[in-house]
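In what follows, a single structure is set out as structure tokens and then discussed.
Every heavy atom of this structure was used, including side-chain atoms; hydrogens, water molecules and symmetry mates were not. Computed from a predicted model, the values in this text were never measured in an experiment.
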Amino acid sequence: MINEPGGEVIKAGGREGVTAILASIYNQDQTMSRASKITFGVSCAVTLATIIGVHYVQELERETLHQGPIKDAKRVAEKKKLMPAGTDEKKLLNRSEHELQQELRKKYESMQPLSGEVVTQDGERVK
């Protein structure tokens, strides 16, 4: 309940209560200046925009998290399609993973050759 200066009582409950409170604030010309009303209105608008924005971001994150298991299932199904029938799946996956790692190692060694020695910050070479 909110007591107005004229003695009137507003019972605040739900949307109607909020509407009644806002209406009583805007109808009281003697208690709030125009600048105060503008500031209050802008504050309400920014708050509402923030709340809507947060809910929108939450929905995007929820959808993104939901897509993770779906993509994983597709990837696993694709791997199973590529495997020949009757082979030991684990060995085949390990072999393909090993080949991929070997290719990556060759690629990175061509970009930065490994000499087996360590160069410290002072420029010392340690083998």
Side-chain angles (χ1 to χ4, degrees):
M1 284 189 344
I2 296 177
N3 290 324
E4 288 199 14
E8 185 179 334
V9 175
I10 298 175
K11 291 184 180 180
R15 261 183 214 189
E16 295 81 20
V18 172
T19 305
I21 292 170
L22 291 175
S24 72
I25 289 172
Y26 281 108
N27 290 333
Q28 296 176 5
D29 289 332
Q30 67 274 13
T31 58
M32 285 184 73
S33 67
R34 178 174 284 148
S36 298
K37 290 178 184 179
I38 291 172
T39 303
F40 179 70
V42 169
S43 297
C44 289
V46 168
T47 302
L48 184 64
T50 302
I51 291 170
I52 291 171
V54 166
H55 285 292
Y56 178 72
V57 169
Q58 283 179 340
E59 285 297 320
L60 286 176
E61 288 177 350
R62 185 176 292 127
E63 183 63 29
T64 302
L65 287 174
H66 180 69
Q67 291 301 318
I70 294 171
K71 288 180 182 178
D72 285 345
K74 286 181 183 177
R75 185 178 45 82
V76 168
E78 233 175 71
K79 277 187 176 181
K80 284 187 179 184
K81 280 183 185 178
L82 295 176
M83 282 190 255
T87 60
D88 187 15
E89 293 179 14
K90 183 124 177 124
K91 285 183 181 179
L92 187 59
L93 285 174
N94 286 341
R95 186 177 300 132
S96 65
E97 183 69 26
H98 179 71
E99 290 170 359
L100 177 66
Q101 292 296 324
Q102 291 296 327
E103 290 173 14
L104 287 173
R105 182 181 176 107
K106 287 177 187 175
K107 175 184 170 186
Y108 292 133
E109 281 181 347
S110 68
M111 293 183 342
Q112 182 179 357
L114 299 174
S115 64
E117 62 184 26
V118 178
V119 179
T120 64
Q121 188 176 9
D122 300 332
E124 275 183 52
R125 296 184 183 268
V126 180
K127 289 191 178 194

Validation row: Gln102, His98 side chains within 4.5 angstrom (heavy atoms): yes
Around atom CD of Gln67, are there more than 12 heavy atoms of other residues, nucleotides or ligands at under 6.0 Å? yes
Give, for atom CD of Gln101 and atom CG of Asn94, the distance between the pair rounded to the nearest 0.5 Å. 11.5 Å
Rounded to the nearest 0.5 Å, how far does CZ of Arg34 lie from NZ of Lys37? 8.0 Å
Looking at Arg62 and Glu59, is any side-chain nitrogen of the basic one under 4.0 Å from a carboxylate oxygen of the acidic one? yes
Measure the CG-CD distance between Leu100 and Glu103 for me, rounded to the nearest 0.5 Å. 6.0 Å
Rounded at 0.5 Å granularity, tell me how far CD1 in Ile52 sits from OG1 in Thr47. 11.0 Å
What I'd like to find out is whether the side chain of Glu63 reaches to under 4.5 Å of the side chain of Leu60, using heavy atoms alone. no
Measuring from His55:NE2 to Thr50:OG1, what's the distance to the nearest 0.5 Å? 11.0 Å
